[in-house]
Number of protein chains: 2
Amino acid sequence: MTARELARMLGVSQSAVSRAFTPGASIAPELREKIVRFAENVDYHPNAIASMLSKSRTNIVGIVISDMQNPFYPALIEQLSRALQRIGLQSLMFNITRGSDLEEQLSALRRYNVDAVIIISATILSGPTLQWATDGRAAILINRVAEDTELSCVICNNAEGARAIADHFHAIGRRRVAYVAGLSHTTTNRERQNAFITRVAERGMTLSALIDGNEYSYYAGRSAALDILARGETDAIFFANDILAAGGLDALKESGVRVPEDIAVAGFDDISMAAWPHYDLTTFRQPIDTIVDVAVTMLENGSCAPGQPPVIRRISGELIKRGSTGVS
Amino acid sequence: MTARELARMLGVSQSAVSRAFTPGASIAPELREKIVRFAENVDYHPNAIASMLSKSRTNIVGIVISDMQNPFYPALIEQLSRALQRIGLQSLMFNITRGSDLEEQLSALRRYNVDAVIIISATILSGPTLQWATDGRAAILINRVAEDTELSCVICNNAEGARAIADHFHAIGRRRVAYVAGLSHTTTNRERQNAFITRVAERGMTLSALIDGNEYSYYAGRSAALDILARGETDAIFFANDILAAGGLDALKESGVRVPEDIAVAGFDDISMAAWPHYDLTTFRQPIDTIVDVAVTMLENGSCAPGQPPVIRRISGELIKRGSTGVS
DNA sequence: ACGCGCGTTGCATACGGATGCAAGATCAGG
DNA sequence: CCTGATCTTGCATCCGTATGCAACGCGCGT
C-alpha cells in the first residue's frame with residue numbers, strides 16, 4: 001500500500017497524502033482527517049525509507065558500543081535508546097569488537113546515513129577511526145573525551161568524583177590508600193587516577209599502591225585486591241569502577257579482611273549491584289539520567305552538528321556513602 | 001557524491017557504478033576495478049537508503065527488548081548483534097517499556113521496513129501486539145513461545161533444565177525443595193516451574209514452598225528466600241533465574257544459613273556472575289552461542305519468513321554444578 | 001567471410017514520498 | 001460584483017540506486 005494507491009482510492013493527489021502525514025504541512029484539517037482515517041482502514045503507513053531518501057534525514061542514531069559486560073553500559077544504553085525513541089529517533093546498534101577491522105564494522109555507519117553518532121565505547125576506537133566514523137555528521141562521545149579530534153562529549157566529572165573519594169577516605173581516618181586502575185589509558189581512568197593521586201598528596205595521605213588491572217572486570221578487581229593485601233600497608237582502596245570494586249571486596253572478605261574496619265573500599269559508577277546488601281559499596285554515582293538528557297538535548301539543538309565547535313559537558317555526580325567505608 | 005556524478009567523471013553509466021558495487025553483477029572485472037578504485041579516491045560509497053528503496057530490502061533487523069537489568073540479556077544481545085553484523089545485517093534496537101503505548105513504541109518497526117524482527121522481550125508483549133508487530137515479515141522469538149500466534153522461536157529447553165536441577169537436588173540428598181518463580185506468567189517461568197514440580201513429585205521429594213517473586217530481580221530473590229526460611233522445612237531452593245538466586249543466596253547467608261549444608265541453591269541461565277567465587281552458583285546454562293547461531297541460521301535460510309510454518313527450536317543446555325549445591 | 005552467441009554496457013524506468021511552484025478555491029473588503 | 005489576499009490542492013520533479021531490456025562488440029565455428 002503506497003501513498004499513490006491510497007490517493008487514487010480517495011481521488012486525491014499523492015501530495016495530499018504526503019501532507020496529511022506531515023505535521024505542519026499545508027492541508028485542510030478535514031482532508032487530513034479523511035485521509036488519515038482512511039489510511040487506518042486500509043493499513044497504510046508512510047514508508048520511512050522513501051521518506052529518508054527524499055528528506056535526506058533518517059531519524060536514526062548510530063550507537064557505538066563495545067562493552068556490555070559492565071552493567072553500567074546496558075543501563076546507560078537502555079535509558080538512552082528510550083529517550084531517543086521519545087523524540088522519534090531510532091537506535092542502530094554497532095557492537096564493535098577489539099581486534100577485527102573496525103572500519104569494516106563501522107562502514108554501515110556511513111552508508112546508512114545516520115543523522116548522528118553516539119559513541120559509548122570507552123576504548124578501542126583510536127582518534128583517526130573516530131574521525132573517520134563521525135566524518136561529516138553530528139557526533140557525541142559519552143564518557144570519553146576526544147584526543148586529537150574535534151568532537152563534542154558528555155562526560156562525568158571524574159576528577160570531582162575521585163577527589164570526593166579521596167576526601168572521604170581522609171575523613172574516615174584512612175592514610176595509606178591504594179588505587180586500582182581499569183584500562184589505564186582510557187579517559188575515565190586517567191582522569192580518576194590523576195585526580196585521586198593529586199588529592200591524596202594534598203591531604204597528606206600516602207599512596208600505598210597503584211595497580212593496573214588491565215581490564216574493567218570482576219576478576220581484575222580480585223587479583224588487584226590480593227596484590228595489595230600481600231604487600232600490606234593499605235587501609236583504603238579506590239577501584240576505578242564498581243565491577244572492579246565488587247571483585248576486590250569479595251577477594252578481601254574471603255581473605256578474612258574486615259571491610260571497612262581493616263580496609264575501606266570505594267568504587268565508581270553506582271551500578272545497581274553496588275547497593276546490594278552484600279556489597280553495600282561506597283561509590284561515586286554517575287547520573288545516567290542527566291547524562292542522557294544532556295546528550296539528547298545536544299542532539300536536538302544541533303550543538304553537536306558537524307560545523308559547530310565541539311562542546312564538552314561535564315556532568316556532576318554524587319558521592320554515595322555506604323557500608324564499605326563504614327557509613328552504613 | 002552520488003553514483004551518477006562518479007559515473008560522469010569516469011565517462012561510464014550510472015548502472016556501471018551500481019554494478020561495480022553489486023557482487024555477482026554483470027560487469028567486466030577491469031571496469032569494476034577501475035570504478036572501485038576511483039570511488040575510493042573521491043570517497044564515494046553507495047547510499048544504503050537508496051539501495052533499500054529500490055531493492056525493498058533493508059538489511060536491518062529490529063530487535064525488541066525490554067529487560068536490560070538481567071545481565072543475561074545484554075550478553076545475548078551483544079552476541080546476537082555481532083553475529084548479525086557478520087552477515088551484513090544491522091540491528092535496530094527497540095527498547096520497550098511496560099505501560100506506555102506499545103504500538104506507538106513499535107510503529108517504527110513497521111514503517112522502517114525491517115527485514116526481520118527478533119523479539120527477546122520475555123514479557124510485556126501480548127499475543128495480538130506480537131502479531132501486529134511482526135505482521136508480514138520474518139520474525140523470531142527468543143526465549144518465549146508464541147501463544148496464539150504463529151511465530152517461530154528459539155528457546156532453551158527449560159523443562160530439561162528444571163528436571164536436571166530437580167534430579168541434582170535429589171542426588172545430593174535433598175527431599176524438601178522450594179521453587180521461586182520470576183514473573184509467573186512468562187513462558188520461561190511456566191516451563192521451568194511445571195517441569196520442576198512434576199519431577200519433584202516423580203522423585204518422591206516434597207515441594208515445601210512455591211513463591212512468586214513477581215519480578216526477576218535480586219531483591220525479589222532475597223525476600224523469597226527469607227519467606228522460605230521463615231517457614232522452615234526446606235533444604236534446597238531452585239530460583240527461576242540467576243539474578244533471583246543471587247539475591248536469595250545473599251539473604252540466606254546473611255541469615256546465618258549455611259549454603260549448601262543447610263540449604264542448597266540453584267539458579268538458571270549461568271550469567272557470568274554465577275561463576276564468581278562469592279556466589280559459586282549451581283545453575284543450568286543457556287548456551288547463548290547456540291541460541292544465536294540457530295536464530296541467525298533461521299534468518300539466513302528463510303525458515304522464519306512470513307509464509308513459512310512456524311518452527312520451534314529447542315536448545316539443550318547444560319547443568320553447571322558449583323558450590324551452592326556442594327560440589328565445588 | 002558470415003552469422004551466431006555470449007559477455008558487457010547503457011538506457012529508461014521503478015522504488016515511495018517530499019516539496020517548489022502554479023492553479024484553483026474561498027473569503028473579506030470596498 | 002470586483003480585486004486581492006490567504007488557504008488548498010495538484011503537477012512535476014527530485015532523492016540515489018537497481019535492474020529489465022535492447023544494443024553493441026568480440027570471438028568462434030563453418
Side-chain angles (χ1 to χ4, degrees), chain A residues 1-36 38-39 42-60 88 90 107-115 136-137, chain B residues 1-36 38-39 42-60 88 90 107-115 136-137:
Chain A
M1 173 62 53
T2 73
R4 273 185 181 82
E5 298 182 73
L6 209 178
R8 202 172 324 124
M9 294 193 218
L10 259 74
V12 299
S13 72
Q14 178 261 320
S15 325
V17 177
S18 172
R19 290 197 254 260
F21 287 92
T22 306
S26 161
I27 186 175
E30 311 82 53
L31 216 209
R32 163 172 283 154
E33 180 80 4
K34 176 179 162 191
I35 293 177
V36 168
F38 189 76
V42 297
D43 196 37
Y44 164 83
H45 32 182
N47 180 324
I49 307 295
S51 161
M52 290 178 203
L53 185 57
S54 51
K55 288 202 299 195
S56 56
R57 191 166 191 296
T58 54
N59 287 328
I60 291 180
Q90 298 298 322
S107 65
L109 203 48
R110 318 184 82 209
R111 291 184 298 105
Y112 277 59
N113 276 355
V114 296
D115 290 341
R137 67 195 84 230
Chain B
M1 173 64 52
T2 73
R4 255 187 261 284
E5 296 183 73
L6 209 178
R8 202 172 324 125
M9 293 193 221
L10 261 78
V12 298
S13 72
Q14 178 263 319
S15 325
V17 176
S18 172
R19 291 189 179 109
F21 287 92
T22 305
S26 160
I27 185 175
E30 312 81 54
L31 216 208
R32 164 173 283 155
E33 180 82 4
K34 177 178 160 192
I35 293 177
V36 169
F38 189 76
V42 298
D43 196 36
Y44 164 83
H45 33 185
N47 180 324
I49 306 296
S51 162
M52 291 177 202
L53 184 58
S54 53
K55 288 201 299 196
S56 56
R57 191 167 190 293
T58 55
N59 287 328
I60 290 181
Q90 298 299 321
S107 65
L109 203 49
R110 319 183 81 208
R111 291 186 295 106
Y112 277 59
N113 275 358
V114 298
D115 290 342
R137 68 195 82 230

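Letters A, B, ... are given to chains in the order of the sequence lines, protein chains preceding strands, and every chain is numbered from 1.
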Go through [options] for me and flag the one nearest to the [X] side chain.
| X | options | answer |
| --- | --- | --- |
| B/A28 | C/dT8, D/dT13, D/dC21 | C/dT8 |
| A/T22 | C/dG20, C/dA18, D/dG20 | C/dA18 |
| A/A50 | D/dA18, C/dG10, C/dG17 | C/dG17 |
| B/Q14 | D/dT9, C/dA12, D/dT8 | C/dA12 |
| B/P29 | C/dT8, C/dG10, C/dG16 | C/dT8 |
| B/N47 | C/dA18, C/dG17, D/dT17 | D/dT17 |
| B/L53 | C/dA18, C/dG17, C/dC15 | C/dC15 |
| A/A3 | D/dC11, C/dA18, C/dG17 | C/dG17 |

Taking only side-chain N and O atoms of [X], does any of them lie within less than 4.0 angstrom of OP1 or OP2 on [N]?
| X | N | result |
| --- | --- | --- |
| A/S54 | C/dG17 | no |
| A/S51 | C/dA18 | yes |
| B/Y112 | C/dG16 | no |
| A/S13 | D/dG10 | yes |

Which pair of non-hydrogen atoms, one from [X] and one from [Y], has the smallest distance, and what is that distance?
| X | Y | answer |
| --- | --- | --- |
| A/A39 | A/F21 | CB-CZ, 3.6 Å |
| A/A25 | A/R19 | CB-O, 3.6 Å |
| A/R110 | B/D43 | NH1-OD1, 3.8 Å |

Students often get this wrong, so: under 4.0 angstrom with heavy atoms, is [X] touching a base, only sugar-phosphate, or nothing?
| X | answer |
| --- | --- |
| A/V12 | sugar-phosphate |
| A/I27 | sugar-phosphate |
| A/I49 | nothing |

- Between B/R32 and A/S18, the residue closer to the 5' end of DNA chain C by nearest nucleotide is B/R32

- Message: Just verifying a value: how many Å separate A/L6 CG and A/F38 CZ, rounded to the nearest 0.5 Å?
- Response: 6.0 Å

Between [X] ([atom1]) and [N] ([atom2]), how many Å, whole number?
| X | N | atom1 | atom2 | result |
| --- | --- | --- | --- | --- |
| B/M1 | D/dC15 | CE | P | 14 Å |
| A/K55 | C/dC15 | NZ | P | 21 Å |
| A/M52 | D/dT17 | CE | C1' | 15 Å |
| B/R8 | C/dG10 | CZ | C1' | 15 Å |
| B/R111 | C/dC15 | CZ | P | 22 Å |

Is [X] side chain donor-acceptor paired with the [N] base, going by distance under 3.5 Å alone?
| X | N | answer |
| --- | --- | --- |
| A/R19 | C/dG17 | no |
| B/S15 | D/dT17 | no |
| A/R57 | C/dG17 | no |

